Amino acid sequence: MKKTLLFCSIFAIAAFNFMSCDDEDENNGNTTNNGGGASSNLSAEFVGASDCLGSPYDTEGTRAGEGDQPAGTKLGYKFDKEKGEVELTLENLVLNCAAIPKMDIRFSGDTIIFNAYNANPEFAAKCLCTYNLTSKVKGAESKVYYIRPEKLTDVEDIQVLELSQKSEGVVYFSNVTSSY
């Protein structure tokens, strides 16, 4: 009987610890819309989007704009260590010509998850445009962060921002999906 009681007690403690960890991960779900989570000091702000930069069919060979890179979406980053800010610029996102481009960012631990979308879905045009979207992540430290699109299409779409090694750079995603 004592062994059964001991086993049940250990199981209950383990289950409680597991649920506590799970709740903590959910609390780190910061976005540009709702601010801070319980244990993360990261926050995000949408800075803005470019006007239509032209048709996606005008690029030569790749949507990323680099001859030796695969087709996809390019994300540039610049880290300001003194301010603790990372500026993220998503380049050449294809949306409907009547779109109002927007990018939300949320966090899961050290992973930055971005969602680029059309904030004006009720108006549509029969043309496509490319846009550049910029957001800032505040509270960043000189360490490794992972970044990925919200709609993960491939494991390769998880990229590494090694902010302790590089203060700026570019990462590529195979396909960032959005509604036109």
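Only a predicted model underlies this, so the values are computations on that prediction, with no experimental measurement involved.
- When the salt bridge (charged side-chain N to carboxylate O under 4.0 Å, His left out) test is applied to Lys143, the partners found at least two apart in sequence or on another chain are Asp110.
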Practice task
I would like to know whether Tyr145 and Leu42 meet side chain to side chain contact (heavy atoms under 4.5 Å, CB included); could you show each step before the answer?
Solution key: CA-CA 11 Å; Tyr145 290 95; Leu42 295 174; 3.9 Å; yes
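- Taking the side chain to side chain donor-acceptor pair (under 3.5 Å) definition, one finds that Asp80 meets it with nothing, sequence neighbours left out.
- Partners of Lys138 according to the salt bridge (charged side-chain N to carboxylate O under 4.0 Å, His left out) rule, which considers only residues two or more places apart in sequence or in another chain, are Glu45.
- The SG atoms of Cys127 and Cys97 lie less than 2.5 Å from each other.
- Here CD of Glu87 is found 9.5 Å from OG of Ser135. Values are rounded to the nearest 0.5 Å.
- Between Pro149 and Asn115, every side-chain heavy-atom pair lies at or beyond the 4.5 Å cut-off.
- The shortest heavy-atom contact between Asn118 and Ala99 is OD1-CA, 3.3 Å.
- Partners of Lys166 according to the side chain to side chain donor-acceptor pair (under 3.5 Å) rule, which considers only residues two or more places apart in sequence or in another chain, do not exist here.
- Without hydrogens or angle criteria, Gln159 side chain to Tyr172 main chain gives a donor-acceptor distance under 3.5 Å.
- From Ile113, atom CD1 reaches atom CZ of Arg106 across 4.0 Å, with rounding to the nearest 0.5 Å.
- In summary, of the residues considered (Leu133, Ile147, Thr134), a side chain to side chain contact (heavy atoms under 4.5 Å, CB included) with Leu88 occurs for Ile147 alone.
- Counting heavy atoms from C-beta outward, Leu93 and Thr130 have side chains that stay 4.5 Å or more apart.
- Using a 4.5 Å heavy-atom cutoff, the side chains of Leu161 and Val171 are in contact.
- To the nearest 0.5 angstrom, Arg148 atom CZ is 14.0 Å from Leu75 atom CG.
- The pair Glu168-Lys78 does not count as a salt bridge, with every side-chain nitrogen at least 4.0 angstrom from each carboxylate oxygen.
- With hydrogens and angles disregarded, no donor-acceptor distance shorter than 3.5 Å links the side chain of Asn96 to the backbone of Leu128.
- To the nearest 0.5 Å, atoms CZ (Phe114) and CD1 (Ile105) are separated by 8.5 Å.
- Two different hydrophobic clusters hold Val47 and Tyr77 under the rule that ILVMFWY side chains link at heavy-atom gaps under 4.5 Å.
- Partners of Ser50 under the side chain to side chain donor-acceptor pair (under 3.5 Å) rule, at least two apart in sequence or in another chain, do not exist in this structure.
- Between Val86 and Leu163 the shortest side-chain heavy-atom distance falls below 4.5 Å.
- In this structure Glu85 satisfies the side chain to side chain donor-acceptor pair (under 3.5 Å) test with no other residue, sequence neighbours excluded.
- Taking both residues in full, the closest heavy atoms of Leu90 and Ala116 are given as CD2-CB, 3.6 Å, listed atom of the first, atom of the second, then distance.
- Taking 4.5 Å as the limit, some side-chain heavy atom of Tyr146 sits within range of a side-chain heavy atom of Val160.
- Side-chain atoms of Tyr117 and Asp104, non-hydrogen and from C-beta on, do get closer than 4.5 Å to each other.
- Panel note: side chain Asn132, backbone Ala49; no donor-acceptor pair is recorded below 3.5 Å.
- Interatomic distance, Gln165 CD to Phe79 CZ, rounded to the nearest 0.5 Å: 12.5 Å.
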Handout entry: side chain to side chain contact (heavy atoms under 4.5 Å, CB included) between Phe46 and Lys102, worked out
Key = CA-CA 7 Å; Phe46 178 65; Lys102 182 114 170 53; 4.2 Å; yes
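- Between Leu53 and Tyr131 the shortest side-chain heavy-atom distance does not fall below 4.5 Å.
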